[in-house]
Amino acid sequence: MAKIEITPEMIETYQTEGVVLVRGLWADWVEDLRAGVERNMAEPGPYAAENLKPGEGGRFFDDYCNWDRIPEFERVIRESAVAEVAAKLMASDRVQMFHDHVLVKEPGTSKPTPWHQDGPYYFVEGQQTVSFWSPLDPVREASLRCVAGSHRWEKEVLPTRWLAETSFYPDSEKYMPVPDPDAEGMPVREWQMEPGDAVAFNYRTLHGARGNNAATRRRAFSLRLVGDDARYVERPGRTSPPYPGHEMQPGQRLREDWFPYLR
């Protein structure tokens, strides 16, 4: 298998900008991940969603928290180099599983993925976090877009429900409004990508994606991991993913039986 090189420059970029491109992270695992996505779409989990309103073209499917029931996902997570890569980027000794996420935009799905930060949706806080977004089809226009340096903003961005476009939590004043990075001239990072390439970004990095106007599918697999300083935090409402009945208390590490250490 190809060795994934993470250079000091890549680590520095990840720490300062909150996002870096990792070429070929899962190049040897693309067929496994494609098979896992097909299984996931054929057998959706309880959190599966269709993210289009009536009349909007195409199909935008997403689902998460399925890795422990989809063997292709578990094999990639446990056997690929992703935990070592995550440890280097986060500057963390240990790497702990949080969750997987599948996002599929069929041809002609013009709806973009809204700008958002992942962190406010989650019940975990810490500087040592990383999310990997990897297309399983060649991507030219429908790539992930990340705002460099947004992981260091003082206020988090208001989390919203993608379909209803309503606030996720009752106390919206704690958060800043969702910005328009293009109109506001923010530094946006995006790349043309091949299957198995991955964008690595911090949970607090603002990101979104263009619609898929190509004649081909855009399947993407995401993996969210946490490091040494990650701790459970209570939110003012139901988090996403919710993980009901977890019984964790504020300040605790995520429970290892649900969120195993990968390194």
Side-chain angles (χ1 to χ4, degrees), residues 1-37 64-103 118-119 122 124-136 139 143-144 146 148 151 189 191 193-205 207 219-231 241 253-263:
M1 290 188 179
K3 180 174 173 57
I4 309 301
E5 184 180 8
I6 303 298
T7 65
E9 291 77 19
M10 292 172 69
I11 296 170
E12 174 67 17
T13 297
Y14 186 76
Q15 293 292 326
T16 57
E17 296 200 348
V19 58
V20 72
L21 179 66
V22 182
R23 291 283 185 198
L25 174 66
W26 282 316
D28 295 328
W29 301 91
V30 170
E31 292 308 319
D32 293 82
L33 290 172
R34 286 173 175 169
V37 169
Y64 50 55
C65 302
N66 294 295
W67 71 276
D68 56 352
R69 71 178 185 89
I70 295 183
E72 294 90 346
F73 291 167
E74 182 165 15
R75 185 160 56 247
V76 172
I77 290 166
R78 293 193 182 276
E79 297 180 17
S80 75
V82 69
E84 293 300 319
V85 170
K88 291 176 181 177
L89 294 178
M90 293 189 296
S92 176
D93 290 329
R94 304 187 76 181
V95 175
Q96 192 172 8
M97 181 68 192
F98 187 36
H99 75 92
D100 59 285
H101 194 175
V102 166
L103 304 107
D118 288 342
Y122 295 164
V124 62
E125 278 192 346
Q127 292 296 318
Q128 291 165 303
T129 64
V130 63
S131 184
F132 294 95
W133 182 94
S134 182
L136 306 179
V139 168
S143 185
L144 192 73
C146 296
H151 66 308
R189 305 284 184 259
W191 297 270
M193 301 172 69
E194 297 302 322
D197 291 346
V199 177
F201 60 97
N202 186 283
Y203 287 1
R204 291 189 61 162
T205 299
H207 61 284
R219 293 166 289 182
F221 177 77
S222 284
L223 182 64
R224 285 76 191 261
L225 306 174
V226 298
D228 295 332
D229 73 347
R231 297 291 186 275
R253 293 181 183 271
L254 302 188
R255 52 184 295 178
E256 293 181 41
D257 53 340
W258 287 24
F259 308 96
Y261 281 97
L262 303 178
R263 182 186 187 273

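Every heavy atom of this structure was used, including side-chain atoms; hydrogens, water molecules and symmetry mates were not.
- Of all non-hydrogen atoms in Leu103 and Ser222, the two that sit nearest each other are CD1-OG, 4.0 Å.
- A salt bridge links Arg75 with Asp32: the closest approach of a Lys/Arg side-chain nitrogen to an acidic carboxylate oxygen falls below 4.0 angstrom.
- Side-chain atoms of Leu25 and Val82, non-hydrogen and from C-beta on, do get closer than 4.5 Å to each other.
- Considering only heavy atoms from C-beta on, Val226 comes within 4.5 Å of Tyr203 through its side chain.
- Between Met10 atom CE and Leu21 atom CG the span is 7.0 Å, to the nearest 0.5 Å.
- Side chains of Trp29 and Arg34 form no contact here, defined as non-hydrogen atoms less than 4.5 Å apart.
- Proximity of Met193 to Val199: side-chain heavy atoms (C-beta onward) are separated by under 4.5 Å at one or more points.
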Hey, mind stepping through Arg263 and Arg94 against side chain to side chain contact (heavy atoms under 4.5 Å, CB included) and telling me if it holds?
CA-CA 5 Å; Arg263 182 186 187 273; Arg94 304 187 76 181; 6.0 Å; no

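- Looking at Arg224 and Asp118, their side chains come closer than 4.5 Å, going by heavy atoms from C-beta outward.
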With side chain to side chain contact (heavy atoms under 4.5 Å, CB included) as the test, would you mind laying out the steps for Val102 and Arg219 before giving the verdict?
CA-CA 8 Å; Val102 166; Arg219 293 166 289 182; over 6 Å; no

Test side chain to side chain contact (heavy atoms under 4.5 Å, CB included) on Gln96 and Leu254; report intermediate values, then the result.
CA-CA 8 Å; Gln96 192 172 8; Leu254 302 188; 3.6 Å; yes

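- In this structure, CD1 on Ile4 lies 10.0 Å from NZ on Lys88, to the nearest 0.5 angstrom.
- Separation of atoms OG1 (Thr7) and CD (Glu9) is listed at 4.5 Å; rounding is to 0.5 Å.
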Please step through side chain to side chain contact (heavy atoms under 4.5 Å, CB included) for the pair Trp26 and Leu136, ending with a clear verdict.
CA-CA 9 Å; Trp26 282 316; Leu136 306 179; over 6 Å; no

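- Interatomic distance, Phe259 CZ to Phe98 CZ, rounded to the nearest 0.5 Å: 6.0 Å.
- For an aromatic pair to be called close, the ring centres must be under 6.0 Å apart, and His99 with Tyr122 satisfies this.
- By the neighbour-count criterion of 12 heavy atoms within 6.0 Å, atom CD of Glu256 is densely surrounded, having more than that number from other residues, nucleotides or ligands.
- To the nearest 0.5 Å, atom CG of residue Leu89 and atom CD of residue Gln128 are 12.0 Å apart.
- The closest donor-acceptor contact from the side chain of Ser143 to the backbone of Val139 lies at 3.5 Å or more, if one exists at all.
- Ile77 is listed as a side-chain neighbour of Leu223, based on a closest heavy-atom distance under 4.5 Å.
- Note that CG of Leu144 and CH2 of Trp191 are 8.5 Å apart. Values are rounded to the nearest 0.5 Å.
- Salt bridge present: Glu74 and Arg78 bring a charged side-chain N and a carboxylate O closer than 4.0 Å.
- For Asp228, the side chain to side chain donor-acceptor pair (under 3.5 Å) partners are Ser92, not counting sequence neighbours.
- A heavy-atom distance below 4.5 Å is found between the side chains of Leu33 and Phe73.
- Between Arg23 and Glu194, the shortest heavy-atom contact is NH1-N, 4.4 Å.
- When all heavy atoms of Ser80 and Val76 are compared, the pair lying nearest together is OG-O, 2.7 Å.
- At a threshold of 4.5 Å between non-hydrogen side-chain atoms, the residues Asn202 and Val19 do not count as touching.
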Evaluate the criterion salt bridge (charged side-chain N to carboxylate O under 4.0 Å, His left out) for residue pair Arg189 and Glu17; output intermediate values, then yes/no.
CA-CA 9 Å; Arg189 305 284 184 259; Glu17 296 200 348; 2.9 Å; yes

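- A pairwise comparison of heavy atoms in Val95 and Ala83 identifies CG2-O, 3.4 Å as the closest pair.
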